[in-house]
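Below you'll find the structure, written out as structure tokens, and then a few comments.
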2 protein chains.
Amino acid sequence: MAGNNGLSEKVHERGGRMTRQCRAVLDALASVDMHPTAAEVYEIVRETVPDISQGTVYRNLRRLVELGYAQELDYGPGASHFDASVESHCHARCTNCSKIIDLDIDSSLAPCLKEAQAAAKGWQISDQRIEFEGLCPECSEVNKSE
Amino acid sequence: MAGNNGLSEKVHERGGRMTRQCRAVLDALASVDMHPTAAEVYEIVRETVPDISQGTVYRNLRRLVELGYAQELDYGPGASHFDASVESHCHARCTNCSKIIDLDIDSSLAPCLKEAQAAAKGWQISDQRIEFEGLCPECSEVNKSE
DNA sequence: ACGCTAAATGATAACTGTTACTGATTATAA
DNA sequence: TTATAATCAGTAACAGTTATCATTTAGCGT
Ligand SMILES: [Mn+2]
Ligand SMILES: [Mn+2]
Ligand SMILES: [Zn+2]
Ligand SMILES: [Zn+2]
């Protein structure tokens, strides 16, 4: 399970060494479909590499981002979340439980955003981040009943 | 100068006490047109209240946000930025110098976003954050010449 | 105007997320 | 196999922020 999509080979191609720990971080991020924090990745990885250290998880996540195989979502307070899908896409974040989901709406937004970018005169825009925040279905249900 | 738009009265109405320090934080945020961090607000306030403590600045900024008279922008790494303008609007952030500017493009984006929100099925969306990131004119100029 | 009291303050400790350091391991190439 | 540089575990340091607590003070009743 959790095929890492050949990421280990890619990391290796870029001159990196493929250690047990690095592979475990890759696999953890690739196998989970949501948007784990470094601490959550650490917990997942500890199941297969019990004595890995938090620093190593941080180091490998950072490396993964630098190599362009993951993106870091540092919206909101608290910890960054990591996303194995690197193409730019929109998110919804729950203000109650911090859950993050993907929204596949880029095609409908693209033209508006192109136009909007023009407002930043003189800027060299390289990325955009569109995020909706509110209550996820579970949390809004709980809110309703109390 | 730096009329605080009656904010001190409003704070007072909500049961808060209007101290020298609180008023100074209000004035600082209202007088500055950009998006200062708590540390930057602290520096501004120290000019009029030299012995204010950082904790008090944080406390009053938080209160201001809770009362709905400011918003906190915690995109990106490092410190949060504070914004005296509370109506939802878009920002561009420089990845090099962390400068943040307002983009007045909500009118053109509104219809697309309305449509986009529908993709978050079952969610109770309460806010959206649209941010462009890249190099500001100054930083992209420097980049060009080196 | 004067005192009372809860709210707010200054100073500082604690806390969280993250990075830096250091000496020990270990993946890889020769 | 051996050499060596990358990576590791462990831990200290760091930045931003919040909590604690003894002291001050704003705003109210008198
Ligand atoms: Mn995503
Ligand atoms: Mn703004
Ligand atoms: Zn939720
Ligand atoms: Zn800049």
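Numbered from 1 within each chain, the chains take letters A, B, ... in sequence-line order.
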* Which nucleotide in the list D:dA9, C:dG10, C:dT28 gets nearest to the side chain of A:Met18? -> C:dT28

* Quick one: which of C:dG10, C:dT18, D:dT17 gets closest to the side chain of A:Ala79? -> C:dT18

Does [X] make a side-chain N or O approach to OP1 or OP2 of [N] shorter than 4.0 Å?
X: B:Thr56; N: C:dG10; value: yes
X: B:Thr19; N: C:dT9; value: yes
X: A:Arg59; N: D:dT7; value: no
X: A:Tyr58; N: C:dT18; value: yes

* Using heavy atoms to find the nearest nucleotide of DNA chain D for B:Gly16 and B:Gly55 separately, return the residue whose nucleotide is more 5′. => B:Gly55

For the pair made of [atom1] in [X] and [atom2] in [N], what is the distance, rounded to whole Å?
X: A:Arg62; N: C:dT18; atom1: CZ; atom2: P; value: 11 Å
X: A:Arg23; N: D:dC8; atom1: CZ; atom2: C1'; value: 16 Å
X: B:Asp74; N: C:dT16; atom1: CG; atom2: C1'; value: 15 Å
X: A:Gln54; N: C:dT19; atom1: CD; atom2: C1'; value: 12 Å
X: A:Tyr42; N: C:dG17; atom1: OH; atom2: P; value: 14 Å
X: B:Leu73; N: D:dT17; atom1: CG; atom2: P; value: 12 Å
X: A:Gln21; N: C:dT26; atom1: CD; atom2: P; value: 8 Å
X: B:Arg17; N: C:dA6; atom1: CZ; atom2: C1'; value: 5 Å

* Should the pair A:His91 and A:His35 be assigned to parallel (<30°), tilted (30 to 60°) or perpendicular (>60°) ring geometry? -> perpendicular

* Asked: Which part of the nucleic acid, if any, lies within contact of B:Ser80, taking any heavy atom under 4.0 Å across all strands shown: a base, the sugar-phosphate backbone alone, or nothing?
  -> sugar-phosphate

* Scan B:Arg20 against the nucleic acid and name what it touches under 4.0 Å (heavy atoms): base, sugar-phosphate only, or nothing. => nothing

* Asked: Between A:Cys139 and A:Cys94, is the SG gap short of 2.5 Å?
  -> no

* Evaluate the side-chain proximity of B:Gln71 to B:His81: yes if any heavy-atom separation is below 4.5 Å, no if none is. => no

* To do: Using the rule that two of Ile, Leu, Val, Met, Phe, Trp, Tyr join whenever any of their side-chain heavy atoms come within less than 4.5 Å, decide whether B:Val41 and B:Leu64 are in one cluster.
  => yes

* Asked: Do B:Leu135 and A:Leu113 belong together in a cluster built from hydrophobic side chains that touch within less than 4.5 Å?
  -> no

